[in-house]
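All values derive from a computational prediction rather than experimental measurement.
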Amino acid sequence: SKKKGLSFEEKRARMMEIFFETKDVFQLKDIEKIAPKEKGITSMSVKEILQSLVDDGMVDTDRIGTSNYFWAFPSKALHARKRKLEELESQVAESSQKKEALQKSIEKSKIGREDTKERTALIKELAALQHKKEQLKAEIDKYRECDPDVVEEMRQRNKVAKEAANRWTDNIFSIKSWAKRKFGFEESRIDKSFGIPEDLDYID
């Protein structure tokens with residue numbers, strides 16, 4: 001059967017073994033040679049694994065001259081793990097407090113909402129009042145056209161629409177007049193060509 005490859009965490013653990021077992025300082029090229037031979041970590045993934053350990057504070061790094069050097073000691077790794085454990089324990093404690101507070105809030109919100117005859121009657125009454133409100137609102141909407149503000153608004157809209165219609169009518173008459181003078185077209189021919197009604201006139 002095909003051999004299963006190492007997981008990301010397994011590669012990280014094996015790379016840490018390189019540092020702990022040798023207690024030495026390495027350059028990237030050194031680890032890229034050692035990791036595949038001794039720990040079965042592919043050379044292509046060495047840089048990514050190493051960077052993840054640096055990001056987590058498990059491996060130290062420093063630039064000396066033109067080269068980067070990497071090292072890690074068991075004591076530092078132990079402290080890093082302890083810090084991570086403390087962080088996780090703190091998060092668990094905080095989550096537990098939040099859960100407890102929410103549970104209390106839920107219990108508190110249930111007070112006064114128990115299913116009683118009085119509560120059931122009040123819920124029915126509320127539903128009936130809401131239905132009545134909707135009916136009254138529909139009734140008011142029927143008479144909205146008689147509202148003085150609505151009537152005035154409609155008047156103003158009609159005025160604007162009338163002015164716009166007469167303005168376009170004036171433009172059409174001007175163009176027809178220009179076409180008759182320029183090309184000598186008959187008015188009936190212009191009306192027919194452009195679909196202009198014969199009885200087109202201004203709106204009073």
Side-chain angles (χ1 to χ4, degrees), residues 5 7-9 42 44-57 61 63 68 84 87-88 90-204:
S7 69
F8 190 76
E9 286 305 319
T42 57
M44 288 179 66
S45 64
V46 166
K47 189 174 181 181
E48 181 189 1
I49 301 296
L50 185 58
Q51 187 60 51
S52 77
L53 293 170
V54 169
D55 292 341
D56 288 346
T61 182
R63 189 174 183 84
N68 289 321
K84 188 68 176 176
E87 285 176 14
L88 290 171
S90 176
Q91 288 175 11
V92 169
E94 189 180 341
S95 296
S96 295
Q97 286 178 352
K98 284 182 180 178
K99 181 185 175 184
E100 190 177 341
L102 285 169
Q103 195 65 42
K104 285 180 180 178
S105 180
I106 290 167
E107 293 302 322
K108 188 177 178 182
S109 68
K110 286 180 180 178
I111 297 172
R113 297 188 180 184
E114 297 86 356
D115 285 330
T116 61
K117 288 182 179 179
E118 186 183 359
R119 185 169 185 268
T120 304
L122 287 170
I123 289 171
K124 284 183 179 178
E125 187 180 350
L126 176 63
L129 288 170
Q130 286 176 335
H131 181 64
K132 184 68 177 175
K133 178 187 171 184
E134 292 300 320
Q135 285 182 325
L136 290 171
K137 188 174 179 295
E139 194 71 20
I140 289 168
D141 287 341
K142 281 183 189 177
Y143 298 102
R144 193 168 181 271
E145 291 180 3
C146 300
D147 187 327
D149 292 335
V150 175
V151 172
E152 182 58 30
E153 185 183 346
M154 289 173 65
R155 242 190 231 115
Q156 291 300 323
R157 286 183 181 176
N158 288 340
K159 183 181 176 183
V160 171
K162 178 182 172 183
E163 288 174 355
N166 283 336
R167 189 164 56 251
W168 279 105
T169 301
D170 195 47
N171 289 340
I172 292 169
F173 284 149
S174 296
I175 292 169
K176 282 171 67 175
S177 178
W178 174 81
K180 282 192 286 185
R181 288 197 313 273
K182 183 76 175 176
F183 304 106
F185 290 154
E186 292 180 4
E187 189 168 341
S188 59
R189 183 181 171 190
I190 296 171
D191 290 343
K192 187 175 180 181
S193 298
F194 294 97
I196 301 169
E198 293 180 7
D199 57 350
L200 179 69
D201 204 349
Y202 297 103
I203 299 171
D204 295 329

Discussion item. Holding to ring-ring contact (aromatic ring centres under 6.0 Å, His included), I want the full list of residues that pass it with Y202, two or more places apart in sequence or in another chain.
Written reply: F173
Item to complete: Please identify each residue that fulfils salt bridge (Lys or Arg N to Asp or Glu O under 4.0 Å) with E187, with sequence neighbours left out.
Response: K176, K180
Worksheet entry | Heavy-atom neighbours of E125 CD exceed 12 at 6.0 Å | no
Worksheet item: Could you give the distance from CD1 (I196) to OG (S188), rounded to the nearest 0.5 Å?
Response: 11.5 Å
Worksheet item: Looking at CD of E134 and CG of L129, how far apart are the two atoms once the value is rounded to the nearest 0.5 Å?
Response: 12.0 Å
Item to complete: Check N166 against I203 and note the closest heavy-atom contact, atom names and distance.
Response: OD1-N, 2.7 Å
Worksheet item: Looking only at side chains, do S177 and R181 share a donor and an acceptor under 3.5 Å apart?
Response: yes
Worksheet item: Counting N and O atoms only, with roles assigned by atom type, does the side chain of S95 sit under 3.5 Å from a partner on the main chain of Q91, one being a donor and the other an acceptor?
Response: yes
Discussion item. What's the separation between atom CZ in F8 and atom OG in S45, rounded to the nearest 0.5 Å?
Written reply: 8.5 Å
Worksheet item: Residues two or more places apart in sequence or in another chain: which of them pass ring-ring contact (aromatic ring centres under 6.0 Å, His included) with W178?
Response: F183
Worksheet item: Would you call E100 and K104 a salt bridge, using N to O less than 4.0 angstrom?
Response: yes
Worksheet item: Could you give the distance from CD1 (I175) to NZ (K182), rounded to the nearest 0.5 Å?
Response: 14.5 Å
Response to the item:
Rounding to 0.5 Å, atoms CD (E186) and OG (S193) come to a distance of 11.0 Å
Discussion item. Atom CD of residue position E87 - does it have more than 12 heavy atoms of other residues, nucleotides or ligands inside 6.0 Å?
Written reply: yes
Worksheet entry | Nearest-0.5 Å distance, CD of residue E163 to CZ of residue R167 | 7.0 Å
